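Written below as structure tokens is the structure these notes are about.
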Protein chains: 2
Amino acid sequence: MLTERESLILQIIIDDFVKTAHPVGSRKLAKNERINLSAATIRNVMADLEEKELLEKTHTSSGRIPSEKGYRYYVDHFISPAINDNLNVITHVIQDNIIELERVVQLSAEILSQLTNYTAIILGPDETDATLKQVQLLPLSSNTVVAILVTSTGHVEHKSFTIPHEISVSDLEKTVNILNERLVGIPIVKLTHALETEVYDIMRKHIKNYKLMFEYIKNVLTYEESVKVYIDGQANLLMQPEFKDVEKVYDFYCFLEQEEAIIDLLKDIQDGLQVRIGQENEVEAVKDLSLIASTYRLSTDRLGTIALIGPTRMDYRKVIALLKSLSRELTTLFAEGQTT
Amino acid sequence: MLTERESLILQIIIDDFVKTAHPVGSRKLAKNERINLSAATIRNVMADLEEKELLEKTHTSSGRIPSEKGYRYYVDHFISPAINDNLNVITHVIQDNIIELERVVQLSAEILSQLTNYTAIILGPDETDATLKQVQLLPLSSNTVVAILVTSTGHVEHKSFTIPHEISVSDLEKTVNILNERLVGIPIVKLTHALETEVYDIMRKHIKNYKLMFEYIKNVLTYEESVKVYIDGQANLLMQPEFKDVEKVYDFYCFLEQEEAIIDLLKDIQDGLQVRIGQENEVEAVKDLSLIASTYRLSTDRLGTIALIGPTRMDYRKVIALLKSLSRELTTLFAEGQTT
DNA sequence: CATTAGCACTCTACACCGACGAGTGCTAAC
DNA sequence: GTTAGCACTCGTCGGTGTAGAGTGCTAATG
């Protein structure tokens, strides 16, 4: 445990470093109004804090910078969990009283990244246990068809195909009927299986070109990614001094290009708010960045994730308050429906 | 016009500079097998080429680098328009004989960026003159609805809403029927107008909460962006030496974050292949990069754009061949439908 | 007359040096 | 316990010198 004085100094050092990105020295601290100690005393305290691994030096005679452990301490002890000012960030922006869910999420990412100057990532809910609500095959021209697949959660997937002449319109219609009869209500992930056990035989009886048709249907019903990823403010991080060398930028951008990696990073964010500082992240490309993540609730059983990525030197207090507020706001927004 | 010798030297200089990114000097050129001249002679030729503004120096005693005009000359004179090797880049990759259009386009962008190490941008076709094919409102739970809108071109748009209790399921059904009766076949851009002239009165007669409902419908039918943008290989450019300073990276990435800007950049790419070198681009953020763009045809009247962005020091020959080949390939792919 | 060898010149990249300043740790005095 | 003072460390910045790559010009050459 830290003494009162140590706490104060650690806090001021972090606040200062977050602002300036320069190591902070004892003289500078001594000038701070909140401290009435000489530089020498402060040096002693700083030495103690360094011994406790909360501070680091960049070289033997430099000022101190917070270590990751230092940030961790800051987050755990200096940020009151009670900050619950509802900032109404979103509600302020939505003038329209009609809420289009996807748009709201996208907007949230935008706002978040603009307000913080970090990179915002929002995941839609995991749709893996949704069930099939409806299948539709709509012919567009003589040889193209658009297939539309709706899940119980309102997720819509569509694919356009060019189809061979062997397949007739009436066969398409018949097939859709069969699918809707047999497959509605089945979990998305089990569709391909159900297709083979439930549908194949029926198709064989009623459809002329059933083999070819079956291949198409299988393709339509093959579910791909289950989570939607929204990113905003990618370029923001480039302005941070920790990104001055292109190497780091490259690693990070490669990471952002892979949706799976992003999902991987955020997969174990459960209820509540999490802060992961530097090495605490398991994903290599984020190991010298910090992640603040929280969940929001689209409906009782559909959880989305909302996150910010920035340098470890990050304004945790502000970001945490913001994210907390936003995730709460999103949840109530989706729960209540529109606010007339 | 250039002499034989000048042509050769210009060509070799550009080829070399494209490979190494270092200014090329006379001694280095003299060693090239394709040239049997002394360094001094070459220097004279280079001076001539510089006078014609095809070459530049980075400082008084440096080797030469191509100017933008030099690249332009290279592209116009040294790249035979006849390169028509069908590389079958796409067809090689699609093992599956079922073609999902959107996936193909996405895949193309991926392949293109991987093969070239530049950034690939593909635009879907302009959908502004498509007409409405179908509207659907599917209730998901007591207070959520998903609206699905299909155009004649197979474009599917969907929006999820939370709706107030005042609106009943039967009213929803009635509304959808009215919409499909009255609006199918109308161009997307004119939907909001048609809604007010054609539908409002009918709704008033048949729907209980017609005013509120109308607001929702209006929202559903409001068309947003008309062109889809696929980007791949954003990070690629970071490896190019011309991106070593973060400033440039920042500008470029800000550009990529704005879809409108991208569409703006590519809007006047018409039939055929275009090469825009550096300043030839009108968009500020791309003024020191080069753009190679071509069109592909999804169906008779639906044109998409496929483009590569890289440094002006670019392997034009390779890129042009590749893009030509790919755009042709896409066009035939979509025209023929699947190749069984 | 085109080509080439030679030479003086220019400019960059790089390493090195020294001064300066910010900061530390330690010790002795308050 | 706190502070002033001092020696010491290290990074930054400007200047300086050298090596190397490259040029332009001129005079010699075939």
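In what follows, chains are A, B, ... by sequence order, proteins preceding strands, each numbered from 1. On a predicted model such as this, the values are computed, not experimentally measured, just so you know.
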Measure [atom1]/[X] against [atom2]/[N] and give the value in whole Å, please.
{"X": "A/Glu6", "N": "D/dT2", "atom1": "CD", "atom2": "P", "result": "12 Å"}
{"X": "A/Leu37", "N": "D/dT3", "atom1": "CG", "atom2": "C1'", "result": "10 Å"}
{"X": "A/Ile65", "N": "D/dG11", "atom1": "CD1", "atom2": "P", "result": "13 Å"}

Polar atom pairs (N or O), protein with nucleotides 28-30 of chain D, under 3.5 Å:
none

Reading 5' to 3' through nucleotides 11-30 of chain C, protein heavy-atom contacts under 4.0 Å coded B for base, S for sugar-phosphate only, - for none | BS---------BBBB-----
Only distances under 3.5 Å count here; give the side-chain donor-acceptor pairs of residues 40-49 of chain A to other protein atoms, sequence neighbours excluded, each with its distance to 0.1 Å.
residue : atom : partner : partner atom : Å
A/Thr41 : OG1  : A/Ser38 : OG           : 3.1
A/Arg43 : NH1  : A/Ser26 : OG           : 3.1

Check side-chain contact (heavy atoms from CB on, under 4.5 Å) between B/Lys69 and all other residues, then give those that pass, not counting sequence neighbours.
-> B/Glu53, B/Leu54, B/Ser67
Enumerate the residues from residues 7-22 of chain A whose closest heavy atom to DNA chain D is under 4.0 Å, giving them by residue number; use none for an empty result.
-> none
Looking at B/Thr41, does any N or O in its side chain come under 4.0 Å of the phosphate oxygens OP1/OP2 on C/dT3?
-> no
Residues which pass salt bridge (Lys or Arg N to Asp or Glu O under 4.0 Å) with [X], listed by chain and number, not counting sequence neighbours:
{"X": "A/Asp16", "result": "A/Lys28"}
{"X": "A/Glu50", "result": "A/Arg64"}
{"X": "B/Asp245", "result": "none"}

According to side chain to side chain donor-acceptor pair (under 3.5 Å), who are the partners of [X], at least two apart in sequence or on a separate chain?
{"X": "B/Gln279", "answer": "none"}
{"X": "B/Asp15", "answer": "B/Tyr74"}
{"X": "B/Thr312", "answer": "none"}

Ring-ring centroid check A/Tyr316 A/Phe78, cutoff 6.0 Å =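 No, the ring of A/Tyr316 stays outside the 6.0 Å limit from the ring of A/Phe78, centre to centre.
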Among pairs that include at least one residue of residues 16-65 of chain B, which meet ring pair (Phe, Tyr, Trp, His ring centres under 6.0 Å), considering only residues two or more places apart or in two chains?
-> none
